[in-house]
Amino acid sequence: MKFFAVIGDPIEHSLSPLLHNWVFNQLEIDAHYSKIKVPESELNTYIEKIRKGELAGINVTIPHKTKIMKFVDDVNSRAEIIGAINLVMLTNGKIIGNNTDWYGFVMALKNHKIDVTQKEVILIGAGGVSKGIIFALKQQGAAKIHLFNRTFEKISQFCDEIIHPHKMSELEKFILTDSIIINCTSVGMNTSDSLIDAGLLCKRQTVIDTIYTPLKTELILDAESIGARTMTGLDMFIHQALASQELWLGEAISNRVNFDDLKQYIESNLC
Ligand code: ATR
């Protein structure tokens, strides 16, 4: 049997074991996936577990997606550009870090028929998740990314021809009646907090949350109630997980999984 895990701190919120074990079960793959709370000081221990074959692969979540990069032997070229990894595996004797978050986000946009080509996007957050999403938005041809973060110092160096960093206090000024707004912070995870005042939301906007616990965050509920187009973090979560399995197992898993059945299964565990 192959053993996989997601490591993070906190980790209680993670539905990754539920998802991966459902897929293993459906496809009769002899593998098991667990969640492990790992502090930063123990990251290297888990890299060594992969090297020794005790773990066949890991996903990495909050808050380690960037910090773990220094412990791997090599990083996939896209993940290198992104500057964050959410997956680690052993390939030809080397510990490789990779990123499937960006791909999960692109697939989720496709599912929801959200086109960001030549559009301006408002993105809040500058952690591991937002790095993958910035890569995906650029790859999908977004014209401008207005980037906001509580700690401005973290994003002041992000500036390029696409990314425009702003102070959080300026967010309100940038929200237009037809904005595409993406929450990449952890605000709203298992709380009813939202960084965006409901009064700023309108019908013609597209509001995206990367959080899936709860399935509908306060931000998504506010946007839904005003009639805006919304996308929760669930599709991205499922697609990044299936892409992780494809890399670990070297098989085209996605084609063999019924996406709607899997989504329904996860949703039923969220309600
Ligand atoms: P992830 O891997 O999910 O991106 P992370 O790297 O820990 O997790 O990043 C969390 C993001 O949520 C950061 O942008 C963080 O802002 P700071 O850079 O200022 O820490 C943001 N965040 C977390 N709690 C927040 C809060 N209460 N208000 C605003 N932003 C918050």
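In each ligand, atom 1 is the first atom listed, and ligand 1 is the first ligand listed. Residue numbers run from 1 in the order of the sequence given. The figures that follow rest on heavy atoms only: side chains count, while hydrogens, waters and symmetry mates do not.
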Tell me which protein heavy atom sits closest to [atom], plus the residue, atom name and distance to 0.1 Å.
atom: atom 18 (O) of ligand 1; result: K154 NZ, 2.6 Å
atom: atom 5 (P) of ligand 1; result: G127 CA, 3.9 Å
atom: atom 21 (C) of ligand 1; result: T185 CB, 3.6 Å
atom: atom 8 (O) of ligand 1; result: I62 CG1, 3.5 Å
atom: atom 17 (P) of ligand 1; result: T151 OG1, 3.4 Å
atom: atom 23 (C) of ligand 1; result: S186 OG, 3.2 Å
atom: atom 15 (C) of ligand 1; result: N149 OD1, 4.0 Å
atom: atom 30 (N) of ligand 1; result: R150 CB, 3.7 Å

Exercise. Which of the atoms of ligand 1 are close to G125, meaning less than 4.0 Å from one of its heavy atoms?
Worked result: 14 (O)

Exercise. For ligand 1, which part of V187 has a heavy atom less than 4.0 Å away: the side chain, the backbone, both, or neither?
Worked result: side chain

Exercise. More than 12 heavy atoms of other residues, nucleotides or ligands under 6.0 Å from NZ of K203: is that the case?
Worked result: no

For this session: Decide if atom CZ of R229 counts as having more than 12 heavy atoms of other residues, nucleotides or ligands within a radius under 6.0 Å.
Result: yes

Seminar exercise, completed: Residue set satisfying side chain to side chain donor-acceptor pair (under 3.5 Å) with Q205, at least two apart, ordered chain then number -> none

Relative to each other, are the rings of [X] and [Y] parallel, tilted or perpendicular (30° and 60° limits)?
X: F4; Y: Y33; answer: parallel
X: F24; Y: H20; answer: tilted
X: F148; Y: F174; answer: perpendicular

Exercise. Counting heavy atoms only, which of P63, G128, G188 is nearest atom 4 (O) of ligand 1?
Worked result: G128

Exercise. Rest of the hydrophobic cluster containing L176 (Ile/Leu/Val/Met/Phe/Trp/Tyr, side-chain heavy atoms under 4.5 Å)?
Worked result: none

For this session: Take N99 and N76 through the test side chain to side chain contact (heavy atoms under 4.5 Å, CB included) and record every step on the way to the result.
Result: CA-CA 8 Å; N99 188 303; N76 159 280; over 6 Å; no

